[in-house]
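Working notes, beginning with the structure itself.
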Number of protein chains: 2
Amino acid sequence: MNFQNRKQLILQTVDERGSVDVRELADLLQTSEMTVRRDLVQLAASGLLYRTRGGAMKVSMATDSLRFEHKAAVNAERKDYICQLAAQEIREGDVIFMDCGSTVFRLCQFIRNKRITVVTNSLPVVAELMSSKVTVNLVGGEVDKERQAVHGLIAEEHIARYRANRAFMGVDGISLEHGLSANSEKEASIAMAIARQTDKVYLLCDSSKLETNKYLYFAPLSLFDVLITDTETKPDVVSAYQKAGVTLIH
Amino acid sequence: MNFQNRKQLILQTVDERGSVDVRELADLLQTSEMTVRRDLVQLAASGLLYRTRGGAMKVSMATDSLRFEHKAAVNAERKDYICQLAAQEIREGDVIFMDCGSTVFRLCQFIRNKRITVVTNSLPVVAELMSSKVTVNLVGGEVDKERQAVHGLIAEEHIARYRANRAFMGVDGISLEHGLSANSEKEASIAMAIARQTDKVYLLCDSSKLETNKYLYFAPLSLFDVLITDTETKPDVVSAYQKAGVTLIH
DNA sequence: TAGATTTTGTTTATTTTTGATCAAATCAAC
DNA sequence: GTTGATTTGATCAAAAATAAACAAAATCTA
């Protein structure tokens with residue numbers, strides 16, 4: 001294992017995991033920590049990664065604001081579980097929509113190596129898939145800095161130009177009584193626009209959001225085809241949704 | 001087993017495995033390590049593989065493309081000088097185009113606090129302006145991962161929907177004889193699309209690019225209105241451009 | 001076939017890379 | 001701030017890879 005090979009592996013690892021530490025790498029590469037450090041210094045010098053104390057990070061847009069990993073980290077385990085289920089639904093060659101939810105964002109890590117096309121209005125999703133095999137199509141229009149996503153009329157028109165096999169969307173609230181609800185009109189109208197252009201819509205929704213309502217009701221349950229949630233969903237809620245005709249995976 | 005046969009086998013092995021080491025090859029080819037080394041030197045000299053210490057790699061695996069952040073840092077001082085001049089041209093309320101060049105990227109830091117709207121196809125620009133007062137409009141379409149920007153037909157159509165006071169663009173080469181030239185068709189066509197929709201086009205171009213030509217000539221000097229460059233531009237070049245009718249700031 | 005030429009293999013010297021040690025720098029918790 | 005733990009970079013010796021020098025083998029040629 002020489003420098004060139006190690007370099008390959010290090011960059012690949014950093015790219016996949018976002019960040020690594022020296023000890024991990026030394027273990028992975030079967031070499032000393034000193035050597036790993038020397039490699040990292042070189043790679044950082046050529047701008048291929050960002051050196052941190054104890055390890056290294058992806059350089060991409062990592063230094064900038066285009067990261068909402070903090071937010072995405074809430075209920076991370078549940079969300080990852082949901083996203084693994086979601087990723088299994090995806091076939092090679094699919095064209096999929098991904099919206100700007102924090103759950104949907106975590107789907108990125110599971111689709112990095114698939115040969116698919118992702119159409120999205122989420123900037124963190126774009127940043128994350130920048131170094132993947134996925135073909136990315138970015139929805140154009142005005143940037144909402146708070147949500148780190150593109151919204152508005154132009155964005156909806158852009159979406160209307162594409163047709164996708166599947167869409168993966170988040171939602172702020174969902175209830176049997178009122179259907180889907182959101183915290184903002186922007187997110188609601190993007191969700192509607194995406195659903196119109198998609199064969200099969202998957203709603204990714206961790207159990208904490210089931211049977212909650214937000215201020216804006218924007219669509220009935222029939223907007224989506226499949227609800228993917230986690231195992232902590234109470235059995236009575238599951239059966240109530242199934243009785244209401246919802247296809248539910250958990 | 002002569003050199004021709006070994007060469008075949010070596011290239012095939014490198015191609016299949018991505019990388020090989022001298023010992024493996026000596027074993028595989030039933031020859032000494034010294035001979036293998038000599039073969040590798042020859043093959044590397046003719047560019048058929050990439051020589052590493054201890055072995056060799058596929059050329060494609062060894063090329064570490066310079067990342068955008070790094071590229072932006074080359075000639076940073078000159079670029080910053082140019083961008084300061086450019087920023088002075090901007091008025092409150094302006095709508096401006098910014099393309100995906102590394103010089104243009106550095107303009108971001110000087111416009112953070114202006115109340116303007118920026119339309120751009122550059123993802124680093126978006127990331128940089130995410131935490132600013134600027135209203136950002138992102139051009140939609142297929143993402144070019146290498147350039148960290150959006151290009152293509154859809155992008156050009158998106159641009160055609162907007163009208164801007166000013167555009168700030170980079171260019172790979174510029175010469176009095178041949179006009180503007182680029183390294184890729186993608187960048188050239190975006191530049192054309194932007195220029196069509198803009199009242200006043202500023203070309204940001206550090207002195208190292210003046211009087212150089214890249215492979216694709218795509219527009220005459222008349223495409224832009226003002227050329228902004230740095231103080232290291234030679235006086236005779238300056239006067240030649242002015243004589244040719246170019247408005248030049250430096 | 002003898003002699004010249006090229007290629008290959010072995011030995012040796014040189015260079016590069018690596019890993020261990022340890023003082024200095026940095027960080028985190030108090 | 002001070003302390004204590006961790007990380008780092010410098011130094012140096014060991015290991016590995018390389019290049020150089022030369023001898024042996026193979027190939028070519030007259």
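Atom set for the values below is all heavy atoms of this structure, side chains included, hydrogens, waters and symmetry mates excluded.
- Listed pair A:Arg51 / D:dT8 meets the phosphate criterion, a side-chain N or O lying under 4.0 Å from OP1 or OP2.
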Filtered N/O pairs between nucleotides 25-30 of chain C and protein, under 3.5 Å:
from, atom 1, to, atom 2, distance (Å)
C:dT26, O2, A:Arg53, NH2, 3.4

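- A:Phe3 places its CZ atom 20 Å from the P atom of D:dA16, with the value rounded to the nearest Å.
- Under 4.0 Å is where a charged nitrogen must lie from a carboxylate oxygen, and between B:Arg147 and B:Glu187 at least one such pair does.
- Ion pairing of B:Lys186 with B:Asp144 is present here, as a side-chain N (NZ or NE/NH1/NH2) and a carboxylate O approach within less than 4.0 Å.
- B:Asp39 contributes atom CG, which lies 7.5 Å from atom OG1 of B:Thr31 (distance to the nearest 0.5 angstrom).
- Using a 4.0 Å cut-off, some side-chain N or O of A:Arg6 falls inside it from OP1 or OP2 of C:dT18.
- Taking a 6.0 Å sphere around CD of A:Glu146, one finds it holds 12 or fewer heavy atoms contributed by other residues, nucleotides or ligands.
- In this entry the distance linking CD of A:Gln4 with C1' of D:dA17 reads 15 Å, nearest Å.
- By the ring pair (Phe, Tyr, Trp, His ring centres under 6.0 Å) test, A:Phe97 is found to be paired with no residue, residues two or more places apart in sequence or in another chain being considered.
- What separates CD of A:Gln30 from P of D:dA15 is a distance of 19 Å, to the nearest Å.
- A search for ring pair (Phe, Tyr, Trp, His ring centres under 6.0 Å) contacts involving B:Tyr217 returns B:His178, not counting sequence neighbours.
- Between its opening and closing five pairs, the helix from C:dT1-D:dA30 to C:dC30-D:dG1 changes axis direction by 40°, a value rounded to 10 degrees.
- Of all non-hydrogen atoms in A:Ser181 and A:Ile174, the two that sit nearest each other are OG-N, 4.4 Å.
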CA sep, side-chain torsions, deciding dist, call: B:Leu40, B:Leu25, side-chain contact (heavy atoms from CB on, under 4.5 Å): CA-CA 10 Å; B:Leu40 292 182; B:Leu25 285 177; 4.1 Å; yes

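- In terms of heavy atoms, B:Met130 sits closest to A:Lys145 at O-CD, 3.0 Å.
- Rounding to the nearest 0.5 Å places CG of A:Leu49 at 5.0 Å from CG of A:Leu43.
- With rounding to whole Å, B:Asp21 atom CG is found 9 Å from D:dT18 atom P.
- For B:Arg23, the salt bridge (Lys or Arg N to Asp or Glu O under 4.0 Å) criterion is met by B:Glu33, not counting sequence neighbours.
- Less than 4.0 Å separates DNA chain D from at least one heavy atom of each of the following residues of residues 31-40 of chain B: B:Met34, B:Arg37.
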